[in-house]
Every structure is written in C-alpha cells, then in structure tokens.
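By convention in this document, chain letters (A, B, ...) are assigned in the order of the sequence lines, proteins followed by strands, and residues within each chain are numbered from 1.
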Amino acid sequence: MLQKHRFWRFVELGIDPYITEYSFEVRESLAKIREKYAYLKSGEETQDRHSVAGRILGIRRHGKITFMVLDDGTAQIQLVFRYDVIGETLWNVVELLNVGDIIGVIGRPMKTLRGELSLLVENFKVLAITWRDYPEKWHGLADAEKRYRLRYLDLMLNKKVREAMVAMYRIEKAFRDFLDSKGFIEIHTPKLQPVYGGALARPFITKIHALNRDVYLSIAPETYLKRSIIANFFKVYEIAVCFRNEDIDAQHYPEFIQIEIYQAFADWNGMMKLVEEMVSHAIKTVYGDYKIDVERNNEKLVLDFTPPWKRVPLEEAIEFFGHVKVKGKSYEELIDIAKELDIKVQDPRKGKLLEKIFEKVAQPKIQQPTFITLFPRDVSPLARPFRENPEYAERFEIYIGGLEVGNGYSELNNPILQFYFFSKEEELRVKSREKFGEVEHHPMDKDYVRALEYGMPPTAGVGIGIYRLVMILHGLDSIKDAIPYTIVEQDEFETVAEQHPDILEYYTARLGLK
RNA sequence: GGGCCCGUAGCUCAGCCAGGUAGAGCGGCGGGCUCUUAACCCGUAGACCAGCUAUGGGCGGAGGUCCCGGGUUCGAAUCCCGGCGGGCCCGCCA
C-alpha cells in the first residue's frame, strides 16, 4: 500500500471512527420523513430539524455542494451538504467520506430544484467507516459467488432480495396473527430427535455428547405437533426449521423453514379452507391485494390468491394438464408410460410413479394457487385413507407458480393402522434396497404409535414451505435468494489489521493493549 | 452420483476460440465546478513482491503475474491434464 490510508486523514481531523462517537440519537426514520414531507414543492425548504443515521450509498460531488444518498434501512433520502451551511471544518470531513461509511445527520427537509426530497445537512457525525470498497454503483454486486459469500452486501444493495426478506417476515407475522385470531398456539418441537419422521427424506445425524448417543436433526415437526394434539392442544402450529440431507438446487436447500399447522376435529377439506384463507389473508395484508404481479425470467405473471382455490385430483391433473391417461392403469402400464415420458424412476410403489408423471407433465403448468388432491395411499404413510376408496389418501398438495409449496392431509389417527403402515415402510426399505437401492421411506416410530394409542381426535394438518412461497411471490430464480444466509466454503483473504500494521499499532497503543 | 459453464484491477466485464509487451468503464487519488441523481470535464495511480532516497512523493533495477499446481511450447491469461471455489441442468428430497 503506497497510498496512506484515508483513515489517517480522519485522525488528523480529530475523528476516530471507533473512539470519537459511541452512539447517536436517532429521532426519525427516513421512511417517516419521506412520508411527512412529500408535500414539499421543488426549491422549498423547511425549518424543521431531524436527526437520522444510516449508511452512505451514493456520493455526487459538485465543488462546494455535495449530494449523498443515505440509507437507514427503512428508506433512502438525498443529503445535501453545502459549504456555506456547514463551514470549513465539517466540509473537510465531507471530502473524506466514501460510499459505505456510516454517519449520523441533523438536517432540514427540503426539496431540490430538480424535485428530489432531501435533507439539508446542518451537522453530522462520522459513526463508522468502511475499510473495503463497495461494488460499482451501476451493476452493483452481481457475481453469484460474491453475492452468497458477502451476503450482507447482497442484502444491503440488491433491492429484490431485500424486499423478499422483509416480505418473508411480514408473511410469517400475518400467518401468526391469523392463526392467533383462530385460537392456535405455537409449539416448539425438538430439532434433535431420536427417530426422524413426518416426511420422507434423508436426515442429518449428529451426536449428543451428554447422552453419548446419535440423534437426528428434525426433518419435520409433524409427529411432535400431533403429540401436542394428543396433549389436548387442539390447535397448534410451528414455524419450524427443517433439516434434510439432500442435494442443493434452485428449489431445495438442506435447511428450510416450514409452517406446519394441525387442527383437531377438522379433515382435509377444513384444512384446505384454512390454508386458502390464511395464505390469501397474508397476501392481502403484505401486498395490499389478492392479486399480485410477479416478474420471473422477464415474464410477467399475475397470481390470483382470491379464495377458493382450484381443487384437482392428482390423476385428473395428469390427464387434464399433461394429456396422459393414467386412471385405472396397472403398475406395469405406468412404468411404460414413465419410460415413454423419459422419466427415470425406480420404485416399487405405484403412487411414486404417478407422482413422477405428475411432476413431469402437469406441475409446470400449474401457475395459479391450486390444491392437487387424492394422492395415492402408498406414498402417504401418515395420512388417513380416503373415506371412499382406501387406495387413495385424503391428502392434498399446494402448487403455485409451478412449484410445490405445501402438503396436507386428514391425519391418520388410528394407531393400529399407523403401526401397520410403518411396518410396511420398513418392509419397503428392505425389499427395495435389493432391487432399486435406497428408497426414501418413513422409519418405524413406536413411540409415536403409543402416543396415538392414548387417543387422537380426527385431525387435519398442513405444511407450507416459506422460502418456496417467498421465492415465487418475488420471482426469485433460486431458493437461496430467499434464504438470508447460505453456506459457502471458506476462502482466503487478508484482514485490514493484517494489511495495515500501522493502524493495528495505533489501536493497540491507543487502548493500551500491549 | 452424472453433465455443462464460469474464475482477469476494489466492482462490472473485455482479451482466450485462431499462444507473442494485461485492457475498458465505474470506483480510488489530484484538480475544476453551490441543485446533482449512473452528475460532468481534465489528469493520475492501481493486477504481486521489493531496493534506494525520503515521508509528499520521486528515482532506478530485478523478478513475478490473469484461482492454484503440473504439462506442451522459443514463448501460456490464452492450449492440455489435475485440483480448489462458484453457478446451472439431470437423478433423489419440499
């Protein structure tokens, strides 16, 4: 580094970015100021003074007047620094400021001649500086690797991602408020479980040293939420982290958030009604309308969440959307159909074949919120058999924007059948291993069966993937964009303390740390 | 597990196919400009190490260098092989 770091120039002006200021009294948010002073006419100034703080995200210097963009997390506003207003001492500091620095400002709302609502700065404090250069103003942070590795910059600068994060919080809050108004309570289920279950997926295995035993990270809260139903908590839910040790792609990530809801004395019809009511309520609360505009891959799409949503049985959906006849076909016939459709599937269950065919020919065509109903019983070990035909389960999945975002059913509350289905799952595992390799199955959970033996009322349940929902609503290409922080391998780099021994020396000496 | 693509300055990228002195824009630094908003205009350093003078920079020299390591070649950012990091698609899961 030949150039003296600008840090030293702050010090020369009597400003140490970590020692001079320890706090700043913020009296107003930029969002409020924008709202309150929207009425100002171009060229108009007020005598009101406001105290705000945030990060500088843009600088335009014009000699003795400088414009900056300040972002306080609620909104952005233009700051106007005028030499004749702040004087020479502060002006010298203005000249040192970079994009990324954090300042506290006292200023008067005004509108510039070009009509930009601004704060005319009367005083300001440097609260922290950035040691690293920020991305280019026009393209921003675009490189995928850097976006995920330096996610705080991505979250700070990329509007689409940032909006999705805020929306996710609001959607979760709307779900909670809705369920609360209906008398539901949230129960936190264990993330470390002796038997994994509630879904068909490979689990993470970890160890509890205190007990010297292996445990599984929860793949779903389901069996514990249903234990809660048995505990006479008849309306429960959880917004739960689930861990599934599967591969990562645009629609899957090993840890994800799901809301699971269980309501006693209801069946799948009641649950579908609750879901469409709750989701459409959240959409309207967060976006202001049941219909929302989504832009994905430069294509515009209007999603209409107005209840009721369409309900289409699985086999009908295959025939209607995919134009493939599957009703009444045998296992062998379905294998042939799958082959013709270029679907690689190795599974002894007829239901699995139907699911695969559905995913290939029908799913991409289902854009509007839709319940696909009547899933095969053999792929639904926790669901109650369909009352009119036990080959099917009273199970539905929720599809929006061509993606599966949820799954629900009339819960199997018969402990005798539940034991039988679990046993069948174990058999399936053993049989399939010889013939097809490892097949996803639900492990035997006798402890859960015993809970059912104490009596579970008729109950309906559902799980909705929050990241997937947000991904669709905001037209994000990858589920990773909807997840605040995803995993990346460690990289090598030097810290500022390593690059600038003089500055390290300054601080250790200044604070007497030697 | 299989396939495809990418990695060059702080950022966004060109150069690679057809091997021959490492580039642009933005950002930085210096100068000009009191209503701009991707501000503009002029200049300049910067891809790693490091010597001598001196703390503002200047002067001169040797090597290195395009994610890393090999190879081919008189010569590699460029071609080949292997690795690392990242993305996308297929298979399995939501």
Rounded distance (Å) that lies between atom [atom2] of [N] and atom [atom1] of [X]:
| X | N | atom1 | atom2 | result |
| --- | --- | --- | --- | --- |
| A:Asp502 | B:U55 | CG | C1' | 13 Å |
| A:His62 | B:A39 | NE2 | C1' | 5 Å |
| A:Asp342 | B:G91 | CG | P | 9 Å |
| A:Leu117 | B:U37 | CG | C1' | 14 Å |
| A:Lys64 | B:G32 | NZ | C1' | 10 Å |
| A:Arg149 | B:C67 | CZ | C1' | 11 Å |

Just call it for [X]: base, sugar-phosphate, or nothing, with non-hydrogen atoms closer than 4.0 Å on any strand.
| X | result |
| --- | --- |
| A:Leu403 | nothing |
| A:Gly140 | sugar-phosphate |
| A:Val80 | nothing |
| A:Arg61 | base |
| A:Arg9 | sugar-phosphate |
| A:Asn407 | nothing |
| A:Glu116 | base |
| A:Lys356 | sugar-phosphate |
| A:Ser478 | sugar-phosphate |

For nucleotides [N] and [M], find the distance between their [atom1] atoms and express it as a whole number of Å.
| N | M | atom1 | answer |
| --- | --- | --- | --- |
| B:C89 | B:U78 | C1' | 28 Å |
| B:A9 | B:C48 | P | 8 Å |
| B:G30 | B:G15 | C1' | 30 Å |
| B:G19 | B:C49 | C1' | 27 Å |

For RNA chain B, the residues among residues 245-258 of chain A that have a non-hydrogen atom under 4.0 Å from it: A:Glu246, A:Asp247, A:Asp249, A:Ala250, A:Gln251, A:His252, A:Tyr253, A:Phe256
Shortest side-chain distance from [X], nucleotide among [options]:
| X | options | result |
| --- | --- | --- |
| A:Arg60 | B:U34, B:G86, B:U37 | B:U37 |
| A:Phe67 | B:C35, B:G85, B:G10 | B:C35 |
| A:Glu136 | B:U37, B:C11, B:U34 | B:C11 |
| A:Asp84 | B:C93, B:G85, B:U34 | B:U34 |
| A:Ala142 | B:C35, B:C13, B:C93 | B:C13 |

Return the nucleotide paired to B:U78: Watson-Crick means purine N1 to pyrimidine N3 with N6-O4 or O6-N4, wobble means G-U with N1-O2 and O6-N3, both under 3.5 Å. none
Could you tell me the Watson-Crick or G-U partner of B:C4, where both distances fall under 3.5 Å? Say none if there is no partner. B:G87
Quick one: are the ring centres of [X] and [Y] less than 6.0 Å apart?
| X | Y | result |
| --- | --- | --- |
| A:Tyr506 | A:Phe7 | yes |
| A:Phe243 | A:Tyr253 | no |
| A:His50 | A:Tyr37 | yes |

A:Arg55 side chain near A:Asp101 side chain, heavy-atom distance below 4.5 Å: no
A:Ile398 side chain near A:Asn407 side chain, heavy-atom distance below 4.5 Å: no
Does a side-chain N or O of [X] approach OP1 or OP2 of [N] to a distance below 4.0 Å, or not?
| X | N | value |
| --- | --- | --- |
| A:Lys146 | B:C11 | yes |
| A:Lys344 | B:C90 | no |
| A:Lys111 | B:C35 | no |

Find out whether the Lys NZ or Arg CZ of A:Arg377 is both under 6.0 angstrom from the six-membered ring centre of A:Phe421 and within 45° of the ring's axis. yes
If you assign A:Tyr83 and A:Glu145 each to the RNA chain B nucleotide with the nearest heavy atom, which residue ends up on the more 5' nucleotide? A:Tyr83
Member of A:Asp154, A:Asp143, A:Asp491 meeting the salt bridge (charged side-chain N to carboxylate O under 4.0 Å, His left out) criterion with A:Arg149: A:Asp491
Residues A:Glu315, A:Tyr392; criterion side-chain hydrogen bond (donor to acceptor under 3.5 Å, both in side chains); working and verdict: CA-CA 11 Å; A:Glu315 290 174 332; A:Tyr392 299 95; 2.7 Å; yes
Going by an N to O cut-off under 4.0 Å, is there a salt bridge joining A:Glu359 and A:Lys356? yes
